[in-house]
J.: 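Here it is: the structure, laid out below.
Excluded from the calculations below are hydrogen atoms, water molecules and symmetry mates; all remaining heavy atoms, backbone and side chain alike, are included. Remember, it's 1-based here, ligands and their atoms both numbered in the order they're listed. It should be emphasised that the depicted structure is a prediction, and the values quoted were computed from it without experimental measurement.
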Amino acid sequence: MKRGSDYRKKGYTYSFDMLGEAALTAKDAQKYFNDYMSAIEFTGNFQDPKAKGPRPSISIKLSALHPRYEVGQEHRVMTELYDRVLTLIQKARSLNVAITVDAEEMDRLEMSLHLFEKLIRSEACQGWGGFGLVVQAYSKRALPVLAWLNALAREVGNIIPVRLVKGAYWDSEIKLCQQRGLSGYPVYTRKEATDVSYLACARFLLSESVRGNIWPQFASHNAHTVASILTLASHRDFEFQRLHGMGDALYDRVLTQSGVTVRIYAPVGSHKDLLPYLVRRLLENGANSSFVHRLVDARCPISELVQHPWTTLNSRQTLHNPNIPLPSAIFHDRKNSFSPNIEIESEWLPFRDSVQSFFTKRWSAQALINGQPHSGLPSHAVIAPHNHSIQVGEVSFANAELVALAITAAQEGYETWKTTSAHTRADALRRLGDLLEENLAELVALCHLEAGKTIQDAIDEVREAVDFCRYYANEAERISDAPMMLKDIDGHARPWQRQGRGIIVCISLGTSRWQFSWVKSPPLW
Ligand SMILES: NC(=O)c1ccc[n+]([C@@H]2O[C@H](COP(=O)([O-])OP(=O)(O)OC[C@H]3O[C@@H](n4cnc5c(N)ncnc54)[C@H](O)[C@@H]3O)[C@@H](O)[C@H]2O)c1
Ligand SMILES: N[C@@H](CCC=O)C(=O)O
């Protein structure tokens with residue numbers, strides 16, 4: 001507060017962010033809760049007679065306040081985390097300190113909105129107008145979220161402050177979707193698309209149908225964006241926001257020339273907690289497309305800086321960025337394995353229904369030799385480890401006779417298999433990968449019931465198998481067919497070619513590696 005006093009004299013106000021996020025333990029979450037509480041008390045009680053502008057506020061991160069702020073634990077989010085935030089709201093309201101819920105990763109958007117709705121409907125928020133949230137314009141859901149917030153504000157009769165940012169997690173959003181093999185991205189992949197989205201959201205927030213329901217807080221250091229907002233606005237019922245240490249010159253001018261309030265988002269805390277925040281700033285400010293980066297780049301002409309993002313976007317051949325392949329296409333030589341995004345309802349609900357449709361199935365497993373199942377041996381019940389009242393199916397174990405039969409069959413098959421081209425064998429493996437993927441829902445149900453895996457773990461298990469199939473199919477083609485010349489000990493080059501080693505017995509322990517043994521042994525050698 002003391003450090004900000006010069007800025008407050010100029011007319012700036014603050015939103016303090018207590019550094020710290022992604023609490024991993026209840027102890028961490030309690031520490032961050034205490035930090036927020038004391039920040040609210042300090043901010044509410046601090047008197048600065050020379051300060052101009054509205055009172056400072058506090059920004060909170062939900063991930064800091066609960067170690068299980070995740071979709072799979074939504075019932076705890078809606079009760080335990082709800083109680084925590086409610087306590088902060090009650091304290092903040094009693095001291096007239098506004099609270100903003102920071103936006104984090106896109107997968108938590110729906111859950112954060114459920115929680116926000118429950119809180120804004122609580123008695124603690126009735127008629128206050130000091131409880132708001134952040135909307136990220138790089139999100140493809142930004143405009144619908146704003147429309148929903150506008151309807152909510154109108155219904156509950158509270159003004160909702162909304163900080164509109166471009167978004168601070170762009171790089172990790174892209175990487176996570178690729179790693180998880182999702183069907184697409186929740187964020188735009190061209191910078192100018194985010195800029196256009198920001199302006200579309202700003203136009204909506206400044207419209208008469210929103211005025212009086214939402215208090216817009218436009219957060220950007222991009223002079224083009226700021227100038228566009230000042231031009232778009234037919235009233236002054238909004239404010240600007242900037243980060244501490246950024247956009248000083250721009251906002252000194254805005255403050256003196258436009259009469260609009262400017263709030264500085266100031267992170268407060270120890271160096272230890274600064275790292276994630278700092279890395280996000282480094283990534284976004286280091287990007288060639290960043291406005292502040294281009295501003296200080298002498299090679300970037302002003303005519304480019306002032307180009308309307310719509311003109312830039314419209315000049316592209318595609319709205320998406322072809323340099324950022326879809327998650328399924330990130331490998332140059334094979335398809336990435338697919339996962340539905342079970343954090344978002346539009347994908348989770350249909351997938352859950354398909355998985356659940358197998359919950360009544362009873363699987364039966366027995367020796368399979370030459371494509372023929374061998375039943376008739378004593379069977380044993382397979383019981384779900386997490387719920388002993390569920391019988392997943394039954395299994396008949398092979399006996400020595402069947403093992404001998406299997407080895408003979410494999411020996412006979414090997415004679416043809418070893419002369420089968422690597423390409424044909426690799427194709428069989430790829431087909432297996434595709435079949436595993438096509439039957440994802442059933443395999444997930446089986447992993448869940450038989451091994452007690454969580455749904456995400458089960459999906460990952462199947463994905464790993466699919467990846468193995470595709471990866472080793474390529475490897476088989478790469479190394480199996482082509483004869484190589486290797487130098488012998490006497491320096492002479494000799495032709496060298498791999499060949500099958502014969503039958504391999506694989507003993508695979510436990511259920512979790514069933515696919516591993518399949519993929520890495522018989523089909524290749
Ligand atoms: N909390 C605040 O008060 C506050 C205030 C101002 C800015 N900010 C943040 O500062 C950062 C910089 O934003 P800005 O408006 O000043 O600068 P900017 O106009 O240069 O926009 C940069 C932003 O564009 C987006 N982006 C970058 N590459 C992209 C791509 N290939 N495809 C789609 N989107 C892409 C990202 O969200 C990136 O942060 C953002 O993280 C913003 O959220 C926060
Ligand atoms: N909440 C952001 C601040 C910048 C954008 O909103 C962060 O923690 O990185």
J.: Among D333, D434, N336, find the residue that satisfies the side-chain hydrogen bond (donor to acceptor under 3.5 Å, both in side chains) test when tested with R470.
T.: D434
J.: Which atoms form the tightest heavy-atom contact between L255 and G11, and what is the distance?
T.: CD2-C, 4.1 Å
J.: Flag the pair F131 / F116 as yes when their ring centroid distance falls below 6.0 Å, and as no otherwise.
T.: yes
J.: So which residues, sorted by chain and number, lie with a heavy atom under 4.0 Å of ligand 2?
T.: K61, D102, V165, A168, L243, Y265, Y277, R280, R281
J.: In terms of relative ring orientation, are F238 and H235 parallel, tilted or perpendicular, with 30° and 60° separating the classes?
T.: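 Correct class here is perpendicular.
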J.: Are there any N/O pairs under 3.5 Å between ligand 1 and the protein, and if so, what are their distances?
T.:
from, atom 1, to, atom 2, distance (Å)
ligand 1, 15 (O), S220, OG, 2.7
ligand 1, 16 (O), H221, N, 2.7
ligand 1, 16 (O), H221, ND1, 3.0
ligand 1, 19 (O), K166, NZ, 2.8
ligand 1, 19 (O), K191, NZ, 3.0
ligand 1, 19 (O), N222, ND2, 2.8
ligand 1, 20 (O), F291, N, 2.6
ligand 1, 21 (O), K191, NZ, 3.4
ligand 1, 31 (N), T189, O, 3.1
ligand 1, 32 (N), W170, NE1, 3.3
ligand 1, 32 (N), Y188, O, 3.2
ligand 1, 32 (N), T189, O, 3.4
ligand 1, 32 (N), R190, N, 3.2
ligand 1, 32 (N), R190, O, 3.3
ligand 1, 32 (N), K191, N, 3.3
ligand 1, 34 (N), T194, OG1, 2.6
ligand 1, 37 (O), G167, O, 2.7
ligand 1, 39 (O), G167, O, 3.0
ligand 1, 39 (O), E284, OE1, 3.4
ligand 1, 41 (O), G167, O, 3.0
ligand 1, 41 (O), E284, OE1, 2.7
ligand 1, 41 (O), E284, OE2, 3.3
ligand 1, 43 (O), G167, N, 3.1

J.: Does the distance from a Lys or Arg side-chain N to an Asp or Glu carboxylate O, for R334 and D467, drop under 4.0 Å?
T.: yes
J.: Is R68 salt-bridged to E80, cutoff N-O under 4.0 Å?
T.: no
J.: So does K335 pair up with E437, basic N to acidic O under 4.0 Å?
T.: yes
J.: For Y32, is the NZ or CZ atom of R84 found under 6.0 angstrom from the centre of its six-membered ring and inside 45 degrees of the ring axis?
T.: no
J.: Fit a plane to each ring of Y277 and Y265, take the angle between them on a 0 to 90° scale, and name the class: parallel (under 30°), tilted (30 to 60°) or perpendicular (over 60°).
T.: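 It falls in the parallel class, under 30°.
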